[in-house]
Amino acid sequence: MSAEPLTGRGAPPADRAPLLDALLAYADRGVRGLHTPGHKGGRFAPPRMLEALGPAAFRLDLPAMGATDNTFHPRGCLAEAERLAADLYGVSATRFLAGGATQGLLAGVLAAVPEGESLLLSRIAHRSAFSALALSGAVPRYLMPPSADPAAAADLTAADVARHLDADPRIRALLLTRPSYYGVAAELDALREVAALCRRRSVLTIVDEAHGGHFKFLPAGRGPGSAVDVPVDLVIQSPHKTLGALVGGAWAHFPRGSRLDPARFAARLNLLQTTSPSNLVLASLDAVRQWLHGAGRDRFAAALPEVSALRATLAALPGVRLSGPGCDPADFAATDPFRLAVDVSGTGADGPAVERALRERAIEHEFCDRTHVVFVLGPDDDRSAWAGLVDTFAALPPGRPGTGGHGSGAELPEPRVRLSPRQAVPRPTEAVRRADAAGRTAGEVIAVYPPGIPLACPGEEVTAAVLRAADAAAAAGLSVHAADPTLERIVVLTD
Ligand SMILES: Cc1ncc(COP(=O)(O)O)c(C=O)c1O
């Protein structure tokens with residue numbers, strides 16, 4: 001583990017990028033490689049890919065080998081890179097992941113919850129949390145969001161968590177999604193209180209901070225703050241989402257005082273990972289860390305005035321509302337300033353209509369639901385895209401009197417769990433006509449994607465509310481992930 005002292009080496013200087021440097025050094029040595037990968041550093045690369053990516057990408061696309069370390073038992077340049085990332089975030093250990101936050105969540109839940117014991121988790125969890133349940137054999141206990149509006153305040157309370165812990169003494173871990181895909185985060189004080197409660201009750205706390213890798217770099221009071229600074233046990237982030245790593249690059253942090261044994265996490269991770277992770281992706285994590293140690297660190301803070309101005313301009317447009325409690329640009333304690341969730345329910349357009357209008361201007365959003373359009377902003381975004389965004393919202397048709405309010409088009413049904421995912425997933429399934437599905441037990445995940453929050457998971461009753469929510473989402477032009485996307489047939493467990 002990267003937490004252990006690196007034998008025979010001094011601590012690497014933080015202005016170096018040990019893994020990226022190792023790849024560059026190998027490529028520069030002019031070694032004639034009679035080893036994988038088959039593209040041989042570009043000599044045998046498909047010509048169109050070579051032209052598209054350039055030769056350097058192939059030269060650096062090296063496998064796990066002595067020169068590049070390995071992700072199963074990092075002891076060399078990867079361990080050094082992980083150590084430096086841990087120092088940057090002020091945690092006791094960090095692991096690099098080439099398989100996204102998904103990989104970290106899977107390993108975290110497998111390490112934290114033994115089969116048959118319970119996991120308390122937000123129902124707004126990403127679908128990878130469901131995969132973690134299916135793999136681990138953990139029994140889900142769900143924390144429902146307090147509001148039907150997916151972009152409303154997170155309102156995490158220790159009292160809610162305590163109620164669940166009282167109801168099920170087998171709960172071994174709590175998995176929180178903070179921030180949500182809409183950029184809404186439980187305030188750090190609330191998280192601290194919940195973490196303290198979980199410590200008292202011997203329950204581990206895992207925070208899915210996939211969208212919050214940059215929180216650490218926002219000035220105090222100008223962002224929600226990062227869970228790495230709270231005594232939780234594991235924080236998973238996707239630097240590929242907000243920090244500039246290549247797609248798939250994620251990391252898992254063990255905050256100081258974490259009760260989750262990194263070796264136990266590593267053993268689970270090693271069940272899940274390939275022996276050939278992309279070193280380009282891993283090196284991009286190292287490069288992000290190096291950059292954040294230096295010039296990159298202030299980029300988010302420097303862009304805040306412009307982001308605040310954009311938010312204020314949008315909030316002043318008729319019918320347009322910025323969702324969440326952070327409508328006041330000065331108050332980001334529970335809202336990611338760089339995540340815009342624009343509520344258009346007070347205009348004459350819905351989310352998919354805004355999506356079409358944006359595409360006419362060659363602007364692409366992150367995702368929309370029926371009433372919100374969500375954008376991921378970055379410090380160096382093309383400001384003409386921001387201007388185009390203002391113009392698009394300014395040109396929306398006016399709302400009819402009385403419109404407004406919320407509704408994602410896919411309000412989250414309360415799950416009725418009949419079987420744990422592990423019990424349900426291996427069972428035989430059949431696809432039945434929609435009219436015959438109500439009351440049966442789901443045999444597939446039905447989710448609106450993005451954001452990928454499940455309406456039903458295998459083992460849960462297909463209720464009328466699930467079907468209504470799926471229909472509403474499809475009718476609103478949103479993409480419903482299910483085996484049959486038309487929803488004419490639903491996969492259920494064979495009785
Ligand atoms: C809240 C949340 N957690 C986890 C993930 C999975 O992240 P990754 O794509 O890095 O595996 C996502 C992906 O969208 C997400 O939104």
Side-chain angles (χ1 to χ4, degrees), residues 71 85 94-110 119 121-135 142-143 145 150-151 154 156 173-186 191 205-215 224 226-228 232 234-253 268-269 272-274 277-278 280-282 284-285 288 324 335-336 338-341 364-369 372 374-376 408 410 412 445 447-455 457 478-479 481:
T71 49
T94 295
R95 290 300 310 263
F96 283 11
L97 308 163
T102 298
Q103 205 177 37
L105 289 167
L106 297 179
V109 172
L110 278 166
L119 174 71
L121 72 165
S122 341
R123 183 62 175 188
I124 63 157
H126 181 254
R127 62 176 296 162
S128 55
F130 171 76
S131 308
L133 290 164
L135 291 174
Y142 288 111
L143 281 165
L156 172 71
L174 166 67
L175 170 61
L176 293 171
T177 304
R178 177 190 186 273
S180 71
Y181 212 167
Y182 295 80
V184 180
L191 181 61
T205 311
I206 302 173
V207 181
D208 174 356
E209 212 170 68
H211 294 270
H214 57 303
F215 286 0
S226 173
V228 294
V232 298
L234 186 68
V235 180
I236 312 288
Q237 298 174 338
S238 288
H240 75 88
K241 293 188 192 299
T242 61
L243 286 175
L246 292 182
V247 171
W251 46 40
H253 299 299
R268 304 311 182 274
L269 184 62
L272 299 164
Q273 60 177 334
T274 166
S278 166
L280 289 179
V281 171
L282 296 170
S284 78
L285 292 169
V288 159
T335 304
D336 176 2
F338 286 84
R339 186 65 49 108
L340 276 180
E364 194 64 39
H365 60 332
E366 174 71 13
F367 76 97
C368 69
D369 64 23
H372 303 85
V374 178
F375 303 89
V376 179
S408 65
L412 214 49
V445 175
V448 182
Y449 194 89
I453 297 164
L455 302 177
C457 293
L478 308 177
S479 143
H481 273 203

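Only this structure's heavy atoms are used, side chains among them; waters, hydrogens and symmetry mates stay out. First listed ligand is number 1; within each ligand, the first listed atom is number 1.
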Colleague: Parallel, tilted or perpendicular: which one describes the rings of His214 and Phe338, with boundaries at 30° and 60°?
Modeller: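 Perpendicular.
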Colleague: Using the side chain to side chain donor-acceptor pair (under 3.5 Å) rule, pick out the option among His126, Arg339, Gln237, Arg178 that qualifies with His211.
Modeller: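 The passing option is Arg339.
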Colleague: For Ser238 and ligand 1, does the shortest N/O to N/O distance drop below 3.5 Å?
Modeller: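 There is such a contact, yes.
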Colleague: Mind checking whether Ala210 has an N or O less than 3.5 Å away from an N or O of ligand 1?
Modeller: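 No.
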Colleague: Look at atom 11 (O) of ligand 1 and say which protein heavy atom is nearest, naming residue and atom and giving the distance to 0.1 Å.
Modeller: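 Going atom by atom, the protein heavy atom closest to atom 11 (O) of ligand 1 ends up being Thr102 OG1, 2.6 Å.
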Colleague: Please list the nearest protein heavy atom to atom 8 (P) of ligand 1 with its residue and the distance rounded to 0.1 Å.
Modeller: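 Looking at atom 8 (P) of ligand 1, the protein heavy atom closest to it is Ala101 N, 3.5 Å.
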Colleague: Before signing off on this row, confirm whether Thr177 and ligand 1 have an N or O atom pair separated by under 3.5 Å.
Modeller: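 No; every N/O pair is 3.5 Å or more apart.
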Colleague: Has the side chain of Glu209 got a donor or acceptor atom that lies under 3.5 Å from a matching backbone atom of Ala227?
Modeller: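 Between the backbone of Ala227 and the side chain of Glu209 there is a qualifying donor-acceptor contact (under 3.5 Å).
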Colleague: Please determine which of Leu97, Thr102, Leu135 meets the side chain to side chain contact (heavy atoms under 4.5 Å, CB included) test together with Leu272.
Modeller: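 In the set Leu97, Thr102, Leu135, the residue that makes a side chain to side chain contact (heavy atoms under 4.5 Å, CB included) with Leu272 is Leu135.
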Colleague: Less than 4.0 Å is my threshold; does some heavy atom of His240 fall inside it relative to ligand 1?
Modeller: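 Heavy atoms of His240 do come under 4.0 Å of ligand 1.
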Colleague: Asp208 to ligand 1: N or O pair under 3.5 Å?
Modeller: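 Between Asp208 and ligand 1 (N or O atoms, distance only) the closest approach is under 3.5 Å.
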Colleague: Please write down residue, atom name and distance for the protein heavy atom closest to atom 16 (O) of ligand 1.
Modeller: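 Nearest protein contact, heavy atoms only, for atom 16 (O) of ligand 1 is His211 NE2, 2.7 Å.
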Colleague: From the options Leu174, Leu121, Ile124, select the one residue that forms a side chain to side chain contact (heavy atoms under 4.5 Å, CB included) with Leu143.
Modeller: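 Among Leu174, Leu121, Ile124, the one meeting side chain to side chain contact (heavy atoms under 4.5 Å, CB included) with Leu143 is Leu174.
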Colleague: For the backbone of Val281 and the side chain of Ser278, can you confirm whether one donor and one acceptor N or O come within less than 3.5 Å of each other?
Modeller: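 Side chain of Ser278 to backbone of Val281: a pair is present.
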Colleague: Give the ring-plane orientation class for Tyr182 versus His372, where under 30° counts as parallel, over 60° as perpendicular and anything between as tilted.
Modeller: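 It falls in the perpendicular class, over 60°.
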Colleague: Among all the protein's non-hydrogen atoms, which is closest to atom 13 (C) of ligand 1, and how far away is it?
Modeller: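 Protein heavy atom with the smallest distance to atom 13 (C) of ligand 1: Lys241 NZ, 3.0 Å.
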Colleague: Which residue supplies the protein heavy atom nearest to atom 12 (C) of ligand 1, what is that atom called, and how far is it?
Modeller: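 It is His126 CD2, 3.2 Å.
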